[in-house]
There are 2 protein chains.
Amino acid sequence: MIRLLLAEDHHLVRGAFVALLGTEPGIEVVGEAGRGDEAVRLAAELRPDVAVLDIDMPVMDGLEAAERLATVAPACRIVIVTGHGRPGYLRRAMEAGVRGFVGKEHPATALAKIIRQVHEGRRYIDPELAADALALRECPLTPRELDTLRAAAGGAPVSRIARALGLSEGTVRNYLSAAVTKLAADNRHAAVRHAKDMGWL
Amino acid sequence: MIRLLLAEDHHLVRGAFVALLGTEPGIEVVGEAGRGDEAVRLAAELRPDVAVLDIDMPVMDGLEAAERLATVAPACRIVIVTGHGRPGYLRRAMEAGVRGFVGKEHPATALAKIIRQVHEGRRYIDPELAADALALRECPLTPRELDTLRAAAGGAPVSRIARALGLSEGTVRNYLSAAVTKLAADNRHAAVRHAKDMGWL
DNA sequence: TTCAGCCGATGACATTTGTCATATCGGGGG
DNA sequence: CCCCCGATATGACAAATGTCATCGGCTGAA
């Protein structure tokens, strides 16, 4: 019997997953969490064999939860489930030692099989998402350029970004200009979007 | 027996819903769709009693599908399911004659009950989302201002927006300026974000 | 009919951004 | 030790953006 921990912020979806997996022989859902930190706490307590983590959760996301689980409950194999296939997610998951990675586009019938496969110590990576990740380039931005871009998300004017980072306005513009150039974007807002899509932000 | 049509773009989630509802006595899932247009086609063909539509779907979203179903299959009662509780969605749904509206945060066990209730001709509105909607202010932007803002999302420069909408650049800037002023934003990008948050985009 | 409000446009102007050259300072690699 | 690179800054200039006044056409409500 595989003891499973399920983390997914949408209660309705989580309940549906429980119904889906509950019918599977050999799988038992022993815990449910709606946030990443809850999942970590429950995993430490329940010692499940496998944890299925959604990425998109409030307070602590599934990737951070996976990273913590690696130290808190190293015996627990992890399957990450994600709605939007941002490249970069997969990379982070791999670095955290995650063994399963599937998109929500994946056929539902395959999930139980994937869980069993991961439980046996094998890996499963959604081929669709793996293909995206292979095309993923290294981030060409320096750390400070990334900071600046991050602060620029949300449409703040240069003056506020400069204040937020404790830099001069000129410096901020230099960084943003460099980022825009490197990403071949029209302006910083497009650059922000691009960086987000590539999983660099 | 309630004949149910299920529309949800994420295959994994859809399959889970089928599992969840499949265990319910008196409910039978007769069709599944991954896009709004598919749902409309299937509803016309299968004549289900109730359709459960996710809002967030590619090509045609759940709200538009609901609007079309009102004419294509008027006997079919509709339950809308939504992940993010953008205000404005509820309003549109009500105008389309939708009888059920639940967030994905809703307890999963309640879904079957809601479907039965809607099938009987009663209504069910998620109290959480209803509260948000009551606090909803009217959108102060004119239709064209909204179009322009929409085209500005993603960081396109004015020149491209103008081309996309077939307007002069001056006009585009006027609209954007008006939108920025009305929303008390620093610039159009902040205005886009604000409008999105309010469910106006 | 008159008036208000939206649509679309133009021109002028101030401000914000984006770009570039250039400078200093520190750290790391050859 | 020297050189390069990243972080930080300044100044200058061009381009994009935001704001405002103003115009004419159209439509719906009073």
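So you know, we letter chains A, B, ... as the sequences are listed, proteins then strands, and number each from 1. The figures here come from the full heavy-atom set of this structure, side chains too, leaving out hydrogens, waters and symmetry mates. Quick caveat: nothing in here was measured; it's all calculated off a predicted structure.
Of all heavy-atom pairs spanning Pro140(B) and Lys182(B), the tightest one is O-NZ, 3.2 Å.
Note on Thr142(B): only backbone sugar-phosphate atoms sit closer than 4.0 angstrom, heavy atoms only; bases stay farther off. Contact annotation for Arg173(A): base contact, defined as any heavy-atom pair under 4.0 Å involving a base atom.
Residue Asn174(B) places its side chain closer to dG11(C) than to any other of dG11(C), dT17(D), dA9(D). Checked against dT8(D), dT17(C), dC7(C), the side chain of Arg188(A) finds its nearest nucleotide in dT17(C). Looking at the side chain of Thr181(B), the nearest of the listed nucleotides dG18(D), dA9(D), dT19(D) is dT19(D). In this structure, of dG18(D), dT8(D), dG18(C), it is dG18(D) that holds the atom nearest to the side chain of Asn187(B). Of the candidates dT10(D), dT19(C), dC7(C), the closest approach to any side-chain atom of Tyr175(B) belongs to dC7(C). Nearest to the side-chain atoms of Thr171(A) among the listed nucleotides dT10(C), dG18(C), dT8(D) stands dT8(D).
With respect to the salt-bridge test (charged N to carboxylate O, under 4.0 angstrom), the residues Arg160(A) and Asp186(B) qualify.
Atoms CZ (Arg160(B)) and C1' (dA16(D)) sit 13 Å apart, rounded to a whole Å. In this entry the distance linking CD1 of Ile161(A) with P of dA7(D) reads 16 Å, nearest Å. Atom CD of Glu145(A) and atom C1' of dC5(D) are 12 Å apart (whole Å). The CG atom of Asp186(A) sits 9 Å away from the P atom of dT17(D) (whole-angstrom rounding). Atom-to-atom, CZ of Arg163(A) to C1' of dT16(C) comes out at 15 Å; the value is rounded to the nearest Å. Between the P atom of dT19(C) and the NZ atom of Lys182(A) lies a distance of 13 Å, rounded to the nearest Å. Distance CD (Glu169(B)) to P (dG11(C)): 13 Å, rounded to an integer number of Å. For His189(B) and dA16(D), the NE2 to C1' distance is 10 Å, given to the nearest whole Å.
The shortest distance between the side-chain N/O atoms of Arg144(A) and the OP1/OP2 oxygens of dG6(D) is not below 4.0 Å. For dT17(D), the OP1/OP2 oxygens have no side-chain nitrogen or oxygen of Ser177(B) closer than 4.0 Å.
The CE atom of Met57(A) lies 10.0 Å from the CD atom of Glu64(A); values are rounded to the nearest 0.5 Å.
Between His189(B) and His189(A), the angle of the ring planes stays under 30°, which puts this pair in the parallel group of the 30/60° scheme.
A donor-acceptor contact shorter than 3.5 Å links the side chain of Arg3(B) to the backbone of Arg47(B).
Of the two residues contacting DNA chain C, namely Leu167(B) and Ser159(A), the nearest-nucleotide position lying further toward the 5' end is that of Leu167(B).
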